Participant: 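Please read through the structure below; I'll follow up with questions.
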Amino acid sequence: MENTATYLGLIPLLPLAGALVTGLLHMLTCRRKPLPELFYGVVGCIGPLLAFFFALVLFFHLKGMPAEERFLSHIPYTWFAVGDLRVDMGFLADPLSSLMLLFVTFIGSLIHIYSIGYMAGDENFGKFFSYLNLFLGSMLILVLGNGPVVMFVGWEGVGLCSYLLISFYSKERENVLAGNKAFIVNRIGDFGFVLGVSLLFWAIGAGGFDYLALQANAGSLTPGVGIAVCLLLFLGACGKSAQIPLYVWLPDAMAGPTPVSALIHAATMVTAGVYMVARFSFLYVQFPVAGSVVAWVGILTALLAAIFGLFQRDIKKILAYSTVSQLGYMFAGVGVAAYSAGIFHVFTHAFFKALLFLGAGAVIYALHHQQDIWKMGGLKEKMPKTYWTMLIGALALAGCPPLSGFFSKDEILFSALAHGHIGIWLVGVVVAALTAYYTFRMIFVVFHGQPRDQHAWEQAKDAPAVMTWPLLILAFGAFFVGFLNLPGLFGGGLRVSHWLAPSLVESHPHVGLGVELLAVFAGVAAFVVGITLAYRKFGKGATEPEYRGFARFAYHKFYVDELYNALFVQPYKAFGGVISRILEPKVTDLPVRLSTWLYRWAGNAFKVLQVGYVRVYALYMVIGLSLMSLILSQSIN
Amino acid sequence: MIQDYLILSIILFSLGILGVISRRNVFTVFMSIELMLNAANLAFIALSRLHESMDGHVLAMMVMAVAAAEAALALAVVILLHKHKGKLDTNVFSLLRG
Amino acid sequence: MFSYALSVMIFLPILGGLALFAAPVGRGAARAIGMAIALAVLAMGIEIFLGFSPVGGMQHVEHRPWNLSLGISYSLGVDGISLLVLMAGAVLFPLVYAVFTTRTKGFYANLLLVQGAMIGAICATDLVLFYLFWEIMLLPVFFMIGIHGGAGRLPATLKITIYTIAGSLLMLAALIYVGVAHQAQFGFWSFAIADLAALNLSGGFTVWAFFMFMVAFAIKIPLFPFHTWLPDAYTEAPTSTTFVLSAIMAKIGVYGVIRFVIPVFEIEFARWALLLALAGVAGMLYCGLAAIAQKDLKRMLAFSSASHMGIIALGVFCMNVQALTGSLFQIAAHATSTGVLFLFVGLMEERMESRQIDEFGGIAYQAPIFATFFAIAMLASVGLPGTSGFIGEFLIILGAIKFSIFIAVLAGTTLIVGVCYMLWMYQRVFFEKSNERTAQFKDLRLAEILTFLPVILLIVAMGIFPQAFIGKIEPAAQLQVAQLQKGGESGGIAASIDLAPSPHNHKN
Amino acid sequence: MHDFLTILPLLIIVFGAVVLMLLAAFEKVSLTTAAGISMGFFAAAFAAQLLAGCGPQRLVFEEIFNGMLVAGNFTMVAALVIFACGFFSTTSSHTYFQVNRFDGLEFYSLLLFAAAGMVLLTMAAELITAFIALEVMSLAIYVLVGYDRNRVTATEALLKYLMLGAFAGAFFAMGTALLYGAAGSTHFTAIATVAASEAGSPLLLGGAFLLFVALLFKVAAFPFHAWVIDVYDGAAAPVTGFMATALKAAVFTLFANILAIHGALHQGWVEILFYLAVFTMFAGNLIAIGQNSLKRMLAASGIVHTGYLLVGLVAISADTFTGAVIGYYLAAYAAGTLGIFAALSYLGGEGEKRATFADFRGLARVRPYSAAAITIFLLSMAGIPPTAGFMGKFYIITSAIEAGQIALAVLAVVSSILSMWYYLRLIVAMYFQPAEETFATTGSPWAGVGTIALAVSVFAIGLYPIIV
């Protein structure tokens with residue numbers, strides 16, 4: 001079943017090598033004579049581009065094989081083996097990972113190129129490329145790993161890079177705090193992941209701890225353990241993919257440079273949770289209860305984030321909540337066992353969301369790091385390329401047929417309906433309308449109407465070619481990739497789903513044409529409603545509204561951050577303080593201090609007995625003698 | 001009969017003990033100790049008779065010799081004490097304490 | 001390798017240290033001598049490591065009867081359990097000489113003594129011999145803290161000394177009890193661990209003896225709630241001593257449990273494992289939470305170290321091969337990562353004359369190389385995959401699940417707790433804006449880079465190629481666990497929960 | 001002849017004592033020569049004892065002189081310890097008296113006499129011999145304690161010791177009388193035989209009780225310990241060292257002989273010895289923790305060590321008694337204690353002006369070797385490996401556990417934990433605090449040499465435990 005492909009290990013290694021080279025060079029030279037930016041830019045792009053090349057090679061390699069045998073693996077060495085536990089440092093390429101690989105390396109390469117322009121002039125240019133390369137390498141390990149533990153390497157690796165890149169402008173405390181938040185919240189998820197993986201090992205891991213072996217043994221899982229494993233793993237996914245209750249870090253993560261937001265916090269890393277659930281489809285499909293939890297958490301997250309998205313004023317935060325919301329869709333998809341639909345949405349989302357972020361980056365770049373949409377406006381004329389590409393992205397995000405987002409979102413909603421999850425479908429449709437609304441609120445406010453900051457507007461212009469070309473390419477992708485998985489209704493063949501089929505365990509329920517039509521109709525209607533409302537309110541220039549009542553509550557994100565702060569962060573800190581100031585010196589150490597004090601006290605008491613009068617000493621002797629004779633006479637009787 | 005000797009001996013011994021712990025004059029204290037030793041001697045002699053062996057007598061002689069030696073030393077001490085403080089009250093000599 | 005390698009590794013530093021005390025040499029020469037000896041020991045350690053064959057039994061065995069009437073012998077040996085601890089003792093010492101260049105002759109001599117005694121304790125296979133080295137290794141530490149420590153050194157050094165000696169003396173009584181029991185059961189005196197393992201201990205005092213052993217080791221580890229000496233001692237000690245304490249001495253406590261308590265008290269161990277595991281987890285949480293409230297960088301690391309030791313100890317109490325191997329691996333991993341962190345703090349203290357977290361900031365811009373090294377060690381300490389810290393922690397949590405899900409869930413929080421205070425610290429020390437104090441901080445010089453680089457590389461290598469280490473320790477861990485399971489069975493205790501599906505559930 | 005050969009070392013010592021006494025009468029020799037002669041006799045006696053020990057294997061209790069004395073490996077070791085104590089006390093004294101000039105030739109003579117009494121005491125097999133030996137020893141020691149006539153504290157110490165010692169001597173005499181009455185003999189074996197047959201005899205019980213009280217007084221067991229602090233404080237440092245070691249060795253040997261000669265004598269006393277041991281250990285610790293003067297602290301720590309030795313006595317088993325445990329402990333304890341008193345003799349200065357913990361602050365900075373030696377002795381007394389004190393404690397605890405006295409063993413361990421405080425306190429003062437003076441000494445280097453020899457022997461005894 002498995003064939004080997006030794007170049008698999010090379011794919012993550014290439015960006016990692018790039019990271020090492022750029023990182024070392026930057027570290028050694030930054031204090032004295034920094035190397036030219038172009039050097040870092042070129043070296044930094046080599047790794048991703050080569051990786052993309054190999055991803056293509058791999059794709060065609062797999063394509064050339066019979067559908068059921070599309071598994072390539074490469075195990076360079078045994079990572080560690082203890083008792084029954086044997087973890088190989090192994091890589092596995094199958095249709096699922098090859099698809100992920102393709103778009104990760106493709107978008108990654110584009111964003112690397114874009115960054116050459118965006119980051120120009122930054123003193124830590126080299127460091128940025130090093131981190132970016134490191135991220136890409138970790139992401140590729142995550143995708144290519146042949147078992148949960150190797151996946152965890154990438155999983156944590158991308159988390160680290162996320163931390164490093166969020167706090168990239170580390171002189172400002174806010175940025176670093178955002179990075180800390182991301183890392184710590186991710187760690188909460190990882191806690192679940194590690195426990196889930198460990199539980200999985202004791203349940204079925206003795207016969208091999210890679211996906212294929214686990215899949216073969218998955219049938220013998222007991223429901224209790226199985227559901228526990230699924231939920232624990234999903235906790236990991238919640239952390240990485242920003243789902244309720246761990247979504248709070250992602251909006252803050254926008255503190256990082258915009259290419260980072262595009263690559264890590266929109267296109268790739270945050271979708272790792274979806275990928276992981278799809279990877280473990282053989283588990284989730286066995287326990288529909290766990291799947292339902294995933295789906296409901298997903299769709300509720302989608303709703304919540306969409307509501308927050310309605311009221312944001314920071315262009316990147318709007319996109320961030322939109323990302324959270326779209327991730328919720330994806331989880332709804334994989335939760336209802338429509339794994340290929342979820343993954344397909346990952347795929348399309350990567351294009352249009354990266355596009356939107358890069359576009360937003362271009363806007364921010366043009367306005368000298370202005371991110372408040374209420375200080376923008378009328379940029380359509382000044383930045384036409386950015387406008388048109390972003391418009392495509394926005395349309396795709398809003399689900400405008402026939403752009404990519406429409407098909408993938410439709411597929412998810414249709415699957416929910418087809419699997420009988422009416423509630424999820426209904427919420428999903430509402431969220432689709434909200435999505436269209438907030439997306440176009442952003443487009444209208446930023447690009448249409450009158451400039452709100454005349455000075456900035458006059459200086460604004462389209463970004464240099466190195467930044468606009470990626471926009472154009474992504475826009476092309478955002479427009480057309482949807483056709484790859486055209487459903488039967490539109491005369492397509494669900495090619496992506498079929499491609500993914502060998503990797504996933506899913507069932508395609510057969511439902512009538514009416515249901516399909518209903519789903520499509522609802523999706524289109526939601527889009528139309530949303531965009532109409534947005535146009536009415538913001539289409540012709542609007543001023544920033546005053547938020548009252550629910551809107552105000554939502555503007556403040558339901559005060560969730562404040563709630564978490566009061567519930568977890570402050571008690572945690574307070575508890576630490578209590579321990580180090582009260583418990584440690586006064587309670588834990590008390591027995592020791594008490595016995596020391598007692599000893600000294602008794603010593604002083606004994607000193608008093610040494611009166612120095614010889615008579616008294618004789619008296620002690622006599623008293624002792626009498627007592628002893630008393631004991632003695634007792635023992636005789 | 002032997003009990004009578006022993007009881008007398010123990011009474012003397014106890015008187016000696018009482019003297020040691022109650023009197024403050026060095027002389028009296030040493031005399032009390034002599035009393036205790038003599039109590040022992042009395043017991044030795046009586047018991048020697050009881051067992052009809054000479055060990056007791058020998059011991060009594062030894063005790064007397066030792067008592068004499070100790071008395072000699074005690075006198076030296078008394079002189080020293082008097083030289084230092086002019087007093088023979090044991091309570092005066094409590095520089096070493098605590 | 002010649003057959004007295006272990007003896008040489010023990011006595012070369014000890015005799016060197018004693019000679020250094022007496023010899024009229026300057027501090028530079030003393031440092032050079034210490035460095036040379038430490039490097040020689042390191043070379044021998046590497047030789048032993050490379051030549052180590054991955055089987056369960058003892059290697060490089062030396063045996064010499066010493067006290068016939070009580071069956072005490074001078075016997076040494078290395079097996080998978082002691083190998084990594086030994087390596088930690090051999091690898092890390094040269095760093096101290098390299099980093100701390102301005103100490104007095106007596107300090108270097110003490111350092112040599114402590115190294116010799118530690119290696120002795122690690123290699124001893126006779127309980128009394130172990131005890132001997134165990135006690136001896138405390139003395140140089142006592143002097144190092146007392147003479148070279150900070151302002152509050154006197155109470156700190158007295159506390160650590162009396163605390164640990166109290167534990168050791170209790171262990172002495174228990175140790176003798178075990179020896180006497182052996183004599184009573186087998187008719188001859190022996191304190192050799194192989195003989196004592198055959199002992200079938202029972203009776204009222206056994207449980208006391210067990211706890212006396214455990215208290216001694218718990219104090220050294222230190223296991224909650226016997227850790228109260230640690231913050232003061234670690235903070236007041238000169239950083240090199242803190243390094244020795246945290247990187248190696250604490251590990252010998254864990255090692256002692258594995259080497260001596262498990263074979264001798266297998267039944268009691270199985271019976272009390274849950275309680276002990278709870279203590280480990282409680283210590284991890286308690287110290288981890290306390291760490292966030294620290295203002296002194298070194299004190300924070302001290303609590304962090306104690307927190308990690310709780311997890312390492314937990315791995316021993318879980319009684320399965322994964323957790324035990326994890327602990328053994330983590331011993332080495334933690335020794336390198338936390339050890340290096342302490343050295344870095346020492347370096348910062350020497351250059352900036354402060355340890356207060358609030359007084360730092362922006363070091364990452366001043367000293368990118370230093371910041372990177374620090375970050376790698378820190379990430380290893382929080383258990384990032386790809387560094388040495390992950391493997392051990394993962395194996396321990398994995399093993400803990402088998403032992404008790406409740407414990408495992410608590411243990412898993414180490415992933416969260418550790419990262420909280422470390423990131424908080426890194427933010428305030430390395431990020432944000434630099435100030436007058438940190439602006440003059442010079443990055444590592446070439447010599448220093450070359451000193452730390454091997455350890456940093458080791459941290460990474462242990463994360464990427466751990467099997468090179470695990471393969472050597474795993475067989476011995478298997479043996480130890482087999483012994484325990486025997487104990488658990490004869491004690492009628494289920495040492496683990498059954499997570500795997502029962503046979504009749506197998507349908508496919 | 002064999003009997004004479006056995007007591008040859010004793011004869012040498014007595015001869016030496018007499019020789020020195022005669023020389024003193026004519027005042028023809030210098031003090032240094034006298035010290036040399038004294039050391040020579042001690043060394044000769046030591047060598048003779050060693051040679052005698054190399055002979056054929058002996059029984060534990062071999063009777064000589066028609067049962068007046070016993071001799072065996074145990075008594076031999078005790079004698080060796082006593083001779084060594086005498087030797088090193090002499091070296092210390094020589095140095096001490098070069099600073100504190102109140103010496104005389106008789107001092108060394110008395111030292112030899114005291115040693116002779118002690119050696120005789122270890123070999124005593126019946127009560128008359130024991131009584132005489134005890135008094136020979138005590139009378140000599142009394143004089144030594146009060147040797148400095150001009151110092152009031154020395155006189156006070158002499159008063160206290162003499163008065164209480166005579167008091168205890170009276171108990172000994174009375175006890176002897178009662179035992180004699182019960183058994184009709186003064187031989188230990190005879191007494192023990194009677195004890196085995198009629199356990200409850202009040203005469204026997206009372207006699208043994210009074211006898212033990214006297215012995216417990218001599219070793220300063222609780223509650224007969226109060227004198228020891230003041231007397232050690234008042235006496236000259238070398239004398240204190242001698243008292244603390246040799247005297248204790250001699251009395252404990254006698255004690256062990258009495259108890260071990262027949263199981264019956266031991267059984268009845270286990271319980272009371274148990275409590276005595278416990279109280280002695282803890283009382284000693286409590287007294288020691290409150291002291292500021294080194295000599296008083298050492299006296300109190302001597303009480304603690306008496307407690308350990310009592311633990312050893314509790315654990316004695318008449319069937320398997322070899323004396324190894326107690327003999328070893330005595331040797332180990334003697335090495336440490338003598339060493340520290342030798343160092344004190346050397347460093348104390350004129351009129352023992354350096355007497356408290358505070359006076360020794362920073363010693364290590366000025367005199368690293370002295371400080372190191374003192375540290376070694378303290379560690380040995382505290383029972384830290386690899387010193388002799390550790391092995392001694394190891395043996396004691398082993399014997400206690402073997403005898404089933406686990407609680408006692410644990411209490412002994414707890415007591416050693418408590419004792420760490422005051423031992424460490426001196427080390428802390430010497431090493432961790434700055435020097436306030438120069439620690440200039442004017443005495444001869446003899447005590448220094450003795451100190452070093454003892455420091456070496458602490459390790460030698462510890463690392464190569466000779467099994468008696």
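Naming convention: chains lettered A, B, ... in sequence-line order (proteins, then strands); numbering from 1 in each chain. Everything numeric here is computed off the predicted structure, so don't read it as measured data. Just so you know, these numbers use all the heavy atoms, side chains as well, and skip hydrogens, waters and symmetry mates.
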Participant: Between Phe224(D) and chain A, with a heavy-atom cut-off of 4.5 Å, which part of the residue counts as in contact: side chain, backbone, both or neither?
Facilitator: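 It is both, since atoms from each part get that close.
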
Participant: What part of Ser595(A) gets closer than 4.5 Å to chain D, counting heavy atoms only: side chain, backbone, both or neither?
Facilitator: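 Contact with chain D involves no heavy atom of Ser595(A) at all.
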
Participant: Count the heavy atoms of every other residue, nucleotide or ligand shown that sit under 6.0 Å from CZ of Phe575(A), and state whether that count exceeds 12.
Facilitator: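 No - once you tally the heavy atoms of other residues, nucleotides and ligands closer than 6.0 Å, there are 12 at most.
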
Participant: Quick check: closest heavy atoms across Pro223(D) and Gly624(A), and the distance to 0.1 Å?
Facilitator: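 Shortest heavy-atom contact: CG-CA, 3.3 Å.
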
Participant: Quick check for you: to the nearest 0.5 Å, what is the distance between Leu216(D) atom CG and Leu625(A) atom CG?
Facilitator: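 So the gap between those two atoms works out to 10.0 Å.
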
Participant: Could you tell me the separation between the CG atom of Asn604(A) and the CD1 atom of Ile289(D), rounded to the nearest 0.5 Å?
Facilitator: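 Answer rounded to 0.5 Å: 9.0 Å.
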
Participant: Using non-hydrogen atoms and a 4.5 Å limit, figure out which bit of Val608(A) sits close to chain D: side chain, backbone, both or neither.
Facilitator: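 For Val608(A), no heavy atom lies under 4.5 Å from chain D.
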
Participant: Nearest 0.5 angstrom please: Leu627(A) CG to Tyr275(D) OH, how far?
Facilitator: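 The CG atom of Leu627(A) sits 13.5 Å away from the OH atom of Tyr275(D).
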
Participant: Could you go through Asp230(D) and Tyr617(A), starting from their C-alpha distance and side-chain angles, then the distance that decides it, and tell me whether this counts as side chain to side chain contact (heavy atoms under 4.5 Å, CB included)?
Facilitator: CA-CA 11 Å; Asp230(D) 295 353; Tyr617(A) 295 171; 2.5 Å; yes

Participant: With only heavy atoms counted, which part of Phe217(D) is less than 4.5 Å from chain A, the side chain, the backbone, both or neither?
Facilitator: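 Only the side chain of Phe217(D) comes within 4.5 Å of chain A.
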
Participant: Carefully, step by step, assess Ile287(D) and Gln610(A) under the rule side chain to side chain contact (heavy atoms under 4.5 Å, CB included).
Facilitator: CA-CA 9 Å; Ile287(D) 295 171; Gln610(A) 295 293 117; 4.0 Å; yes

Participant: Go through it in stages, so that I can follow the logic: the residues are His225(D) and Met621(A), the test is side chain to side chain contact (heavy atoms under 4.5 Å, CB included), and I'd like the CA-CA distance, side-chain angles, deciding distance and then a yes or no.
Facilitator: CA-CA 8 Å; His225(D) 65 279; Met621(A) 286 176 71; over 6 Å; no

Participant: Using non-hydrogen atoms only, which part of Ala283(D) is less than 4.5 Å away from chain A: side chain, backbone, both, or neither?
Facilitator: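 For Ala283(D), the contact with chain A is made by backbone and side chain together.
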
Participant: Residue by residue, scan residues 582-593 of chain A and write down, ordered by number, those that have a heavy-atom distance under 4.5 Å to chain D; if none do, write 'none'.
Facilitator: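 The residues closer than 4.5 Å to chain D amount to none at all.
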
Participant: Only counting residues at least two apart or in another chain, list the ones meeting side-chain contact (heavy atoms from CB on, under 4.5 Å) with Ala182(D).
Facilitator: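 Partners of Ala182(D) by the side-chain contact (heavy atoms from CB on, under 4.5 Å) criterion, ordered by chain and then number, come out as Ser201(D), Leu203(D), Leu204(D).
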
Participant: Is there any residue in residues 169-195 of chain A with a non-hydrogen atom under 4.5 Å from a non-hydrogen atom of chain D, and which ones are they?
Facilitator: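 So far as heavy atoms go, nothing in residues 169-195 of chain A approaches chain D to under 4.5 Å.
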
Participant: Taking C-beta and beyond as the side chain, do Tyr620(A) and Leu164(D) meet within less than 4.5 Å on heavy atoms?
Facilitator: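 No, too far: nothing below the 4.5 Å cut-off.
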
Participant: Rounded to the nearest 0.5 Å, what's the gap from CE on Met163(D) to CZ on Arg615(A)? Could you check?
Facilitator: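 Result: 8.5 Å between the selected atoms.
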
Participant: Between CZ of Phe606(A) and CZ of Phe282(D), what distance do you get to the nearest 0.5 Å?
Facilitator: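 Output value for this atom pair is 11.5 Å.
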
Participant: Taking 4.5 Å as the heavy-atom cut-off, does anything in residues 152-168 of chain A contact chain D, and if so which residues?
Facilitator: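 From residues 152-168 of chain A, none sit under 4.5 Å of chain D.
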
Participant: Within the side chain of Lys160(D), is there an N or O that forms a donor-acceptor pair under 3.5 Å with the backbone of Gly612(A)?
Facilitator: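 Yes; judged by distance alone, with no hydrogens or angles, the pair exists.
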
Participant: So which part of Tyr422(D) gets closer than 4.5 Å to some heavy atom of chain A, the side chain, the backbone, both or neither?
Facilitator: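 For Tyr422(D), the side chain is the part near chain A, not the backbone.
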
Participant: Should Leu286(D) and Lys607(A) be marked as a side chain to side chain contact (heavy atoms under 4.5 Å, CB included) after you check the CA-CA gap, both sets of side-chain angles, and the distance that decides it?
Facilitator: CA-CA 8 Å; Leu286(D) 291 177; Lys607(A) 247 178 115 144; over 6 Å; no

Participant: Where does the angle between the aromatic ring planes of Trp421(D) and Tyr599(A) fall among parallel (under 30°), tilted (30 to 60°) and perpendicular (over 60°)?
Facilitator: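 The arrangement is perpendicular - the two ring planes meet at more than 60°.
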
Participant: What residue in Leu276(D), Leu159(D), Asn285(D) has the most heavy-atom pairs under 4.5 Å with chain A?
Facilitator: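 Most pairs with chain A among the choices: Asn285(D).
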
